[in-house]
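Step one of this worksheet: look at the structure below.
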Amino acid sequence: MPYKEREISKMYYTMGEVSAMFDVNQSLIRFYEKEFDVLQPKKNKKGNRYFTPEDIENFKIIFHLIRDKGYTLNGAKEHLKNNMGDTRDNQRVIDSLENLKKFLLEVRDQL
């Protein structure tokens, strides 16, 4: 069986890493942090924010609702408040499908 590289996940991500992941300004991340209660990054004594994988997942859900689905801020807040479990499940399905698409594109390119 060939060596399968496992995905390395960190316990905490810095503000710069999160902004690079989503290709957004850091000010947008700070704004969403103030607007949405589900985003609770840890802060050190200097005030630097450190995001957990759960925070990244929540930010991904918020980003999807606002940017892709076209929700307003208040609409996204209400949707998260009423449908958080379903929204998390849907986001996991979306993530797995995107990973599958990425894998299939890599296979196609190697042929």
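Computed from a prediction, not measured in an experiment: that's the story for all the values here. Atom set for the values below is all heavy atoms of this structure, side chains included, hydrogens, waters and symmetry mates excluded.
- Contacts of Arg92 classified as salt bridge (Lys or Arg N to Asp or Glu O under 4.0 Å), with partners at least two apart in sequence or in another chain: Glu57, Asp89.
- Considering Ile61, Leu73, Leu28 in turn, Leu73 is the only one that fulfils the side chain to side chain contact (heavy atoms under 4.5 Å, CB included) rule with Ile66.
- Residue pairs that meet the side chain to side chain donor-acceptor pair (under 3.5 Å) test with at least one member in residues 29-40, sequence neighbours left out, are Glu33-Arg49, Glu35-Lys77.
- In the model, Thr52 has a side-chain atom that pairs as donor or acceptor with a side-chain atom of Asp55 under 3.5 Å.
- Between the CD1 atom of Ile29 and the CZ atom of Phe59 there is a distance of 4.5 Å, given to the nearest 0.5 Å.
- By the 4.5 Å heavy-atom criterion applied to side chains, Thr14 and Asn48 are not counted as neighbours.
- Residues forming a side-chain hydrogen bond (donor to acceptor under 3.5 Å, both in side chains) with Asn90 (at least two apart in sequence, or on another chain): none.
- In this structure the side chain of Ile62 never reaches within 4.5 angstrom of the side chain of Tyr71, judged on heavy atoms.
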Do Glu54 and Asn58 pass the side chain to side chain contact (heavy atoms under 4.5 Å, CB included) test, and can you show the C-alpha distance, the side-chain angles, and the key distance before you say yes or no?
CA-CA 6 Å; Glu54 182 180 343; Asn58 289 334; 4.0 Å; yes
Pair Glu98, Lys101 - check salt bridge (charged side-chain N to carboxylate O under 4.0 Å, His left out), show working.
CA-CA 5 Å; Glu98 287 175 351; Lys101 179 182 176 183; over 6 Å; no
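- With sequence neighbours excluded, no residue forms a ring-ring contact (aromatic ring centres under 6.0 Å, His included) with Phe31.
- Met11 belongs to a hydrophobic cluster with Tyr12, Tyr50, counting contacts under 4.5 Å between side-chain heavy atoms of Ile, Leu, Val, Met, Phe, Trp and Tyr, direct or through other members.
- Between Phe51 and Tyr13, a ring centre-to-centre spacing not shorter than 6.0 Å is recorded.
- Qualifying ring-ring contact (aromatic ring centres under 6.0 Å, His included) partners for His64, counting only residues two or more places apart in sequence or in other chains: none.
- The hydrophobic clustering, which links ILVMFWY residues whose side-chain heavy atoms are closer than 4.5 Å, places Leu100 and Leu105 apart.
- A donor-acceptor pair is defined here as one N or O able to donate and one able to accept, closer than 3.5 Å; no such pair exists between the side chain of Asn25 and the backbone of Ser27.
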